Amino acid sequence: MKTKDMLEAADVKAIAAAAEAEAQKNNWPVTIAIVDDGGHLLWLQRMDGAAAISAHIAPAKAHTAALGRRESKIYEDVINQGRVSFLSAPLLQGMLEGGVPVMKNGQCIGAVGVSGVKSTEDAQIARAGIAALGL
């Protein structure tokens, strides 16, 4: 039988705190979403001043990164390079930069999605959150 790493509550809180700190340091009002490896929501935080729609976009980005086991930007790039048929991919709604998988020993154990500022800044916040785990 194999064992599987997973995000625990303490991990989720550490990711959220580090992501929030990165956003606050830059005065970026965003929504931060953290999901498990199946894309199920574990954390959602809409910071003061974040647009209401960001509370839908951030979890979608995280979900896409978790299910795809890669950054959501990959899908955005594929579509921007002309493969628009990829928009019909099932269950992938957050095909915009800002979703980053949490990888441990080559396996995806969850993902962070951020929405509210430029997509590169969203991804920066997500990576800062994940960095708190020291993986």
Side-chain angles (χ1 to χ4, degrees):
M1 181 177 287
K2 296 183 180 189
T3 58
K4 176 179 157 182
D5 290 310
M6 62 182 65
L7 291 174
E8 296 180 347
D11 301 322
V12 172
K13 290 176 184 177
I15 292 168
E20 180 182 13
E22 181 71 13
Q24 287 179 333
K25 176 179 80 173
N26 293 289
N27 294 313
W28 292 335
V30 297
T31 295
I32 301 161
I34 304 170
V35 300
D36 65 13
D37 62 332
H40 303 100
L41 191 62
L42 301 173
W43 183 276
L44 181 69
Q45 176 182 1
R46 183 174 155 212
M47 296 174 63
D48 292 343
I53 191 69
S54 68
H56 293 277
I57 296 171
K61 289 179 179 183
H63 183 264
T64 295
L67 291 183
R69 310 314 200 225
R70 58 185 48 95
E71 290 200 25
S72 55
K73 182 183 186 330
I74 300 290
Y75 301 107
E76 180 179 10
D77 290 345
V78 166
I79 293 162
N80 287 342
Q81 292 167 6
R83 191 162 182 217
V84 294
S85 62
F86 207 81
L87 289 168
S88 67
L91 301 178
L92 298 181
Q93 298 173 359
M95 294 186 277
L96 303 164
E97 184 174 8
V100 180
V102 180
M103 304 297 289
K104 183 175 182 187
N105 299 324
Q107 298 295 314
C108 180
I109 60 171
V112 180
V114 178
S115 179
V117 287
K118 293 178 185 174
S119 59
T120 55
E121 296 165 348
D122 290 342
Q124 176 182 327
I125 295 165
R127 286 189 201 98
I130 294 167
L133 297 182
L135 299 176

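Bear in mind that the values here come from a model prediction, so they are computed numbers and not experimental data.
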A.B. asks: If you count every heavy atom of other residues, nucleotides or ligands that lies below 6.0 Å from Arg83 atom CZ, does the total exceed 12?
C.D. replies: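 Counting other residues, nucleotides and ligands, CZ of Arg83 stays at 12 neighbours or fewer.
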A.B. asks: Could you report the tightest heavy-atom contact between Ala62 and Val112, atom names first, then the distance?
C.D. replies: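 Nearest heavy atoms, Ala62 then Val112: CB-C, 3.8 Å.
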A.B. asks: Where is the tightest heavy-atom contact between Ala65 and Ala111, given as atom of each residue plus distance?
C.D. replies: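 That would be CB-CB, 3.8 Å.
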A.B. asks: Nearest 0.5 Å please: distance from the CD1 atom of Ile74 over to the CZ atom of Arg69.
C.D. replies: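 Between atom CD1 of Ile74 and atom CZ of Arg69 there are 15.0 Å.
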A.B. asks: Could you state the interatomic distance from CD (Glu22) to CD (Glu121), rounded to the nearest 0.5 Å?
C.D. replies: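 Separation between the atoms: 10.0 Å.
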A.B. asks: Can you name the closest pair of heavy atoms from Leu44 and Ala33 and give their distance?
C.D. replies: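 Looks like CD1-CB, 4.0 Å.
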A.B. asks: In Å, rounded to the nearest 0.5 Å, how long is the span from CG of Leu133 to NZ of Lys104?
C.D. replies: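 It is 9.0 Å, given to the nearest 0.5 Å.
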A.B. asks: State the NE2-CG distance between His63 and Leu92, to the nearest 0.5 angstrom.
C.D. replies: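 His63 atom NE2 to Leu92 atom CG measures 7.5 Å (nearest 0.5 Å).
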A.B. asks: To the nearest 0.5 Å, how far apart are CD1 in Ile32 and CD1 in Ile15?
C.D. replies: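 These two atoms lie 11.0 Å from each other.
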A.B. asks: If you round to the nearest 0.5 Å, how far is OH of Tyr75 from CZ of Arg70?
C.D. replies: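 Between atom CZ of Arg70 and atom OH of Tyr75 there are 4.5 Å.
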A.B. asks: Are the side chains of Pro101 and Glu71 in contact, using a 4.5 Å heavy-atom criterion?
C.D. replies: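 Yes, their side chains come closer than 4.5 Å.
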A.B. asks: Hey, does Val30 have a side-chain heavy atom less than 4.5 Å from the side chain of Asp122?
C.D. replies: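 They are in side-chain contact.
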A.B. asks: Within the distance-only criterion (no hydrogens, no angle test), does the side chain of Asp36 pair as donor or acceptor with the backbone N or O of Gly38 below 3.5 angstrom?
C.D. replies: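 Yes.
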A.B. asks: Verify, without hydrogens or angle tests, whether Lys61 (side chain) and Val114 (backbone) share a donor-acceptor contact under 3.5 angstrom.
C.D. replies: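 Such a contact is found between Lys61 side chain and Val114 backbone.
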A.B. asks: Quick one: does Ser54's side chain have a donor or acceptor within less than 3.5 Å of a partner on Gly116's backbone?
C.D. replies: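 No; judged by distance alone, with no hydrogens or angles, the pair does not exist.
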A.B. asks: Measure from the side-chain N and O atoms of Ser88 to the backbone N and O of Ser85, and report whether any donor-acceptor pair falls under 3.5 Å.
C.D. replies: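 Confirmed, Ser88 side chain pairs with Ser85 backbone.
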A.B. asks: Given the rule in the side chain to side chain contact (heavy atoms under 4.5 Å, CB included) test, do Gln45 and Met47 qualify, once you have shown the distances and angles that lead to the verdict?
C.D. replies: CA-CA 6 Å; Gln45 176 182 1; Met47 296 174 63; 4.2 Å; yes
A.B. asks: Just checking Gln24: does its CD atom have more than 12 heavy atoms from other residues, nucleotides or ligands closer to it than 6.0 angstrom?
C.D. replies: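 Yes.
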A.B. asks: Hey, are the side chains of Ile109 and Asp11 touching, using non-hydrogen atoms and a 4.5 Å cut-off?
C.D. replies: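 A side-chain contact under 4.5 Å is absent here.
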A.B. asks: Quick one: closest heavy-atom pair of Thr64 and Gln93, and the distance?
C.D. replies: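 That closest heavy-atom pairing would be OG1-N, 3.6 Å.
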A.B. asks: Under 4.0 Å between a Lys/Arg side-chain N and an Asp/Glu carboxylate O for Glu76 and Lys73?
C.D. replies: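 No salt bridge links Glu76 with Lys73.
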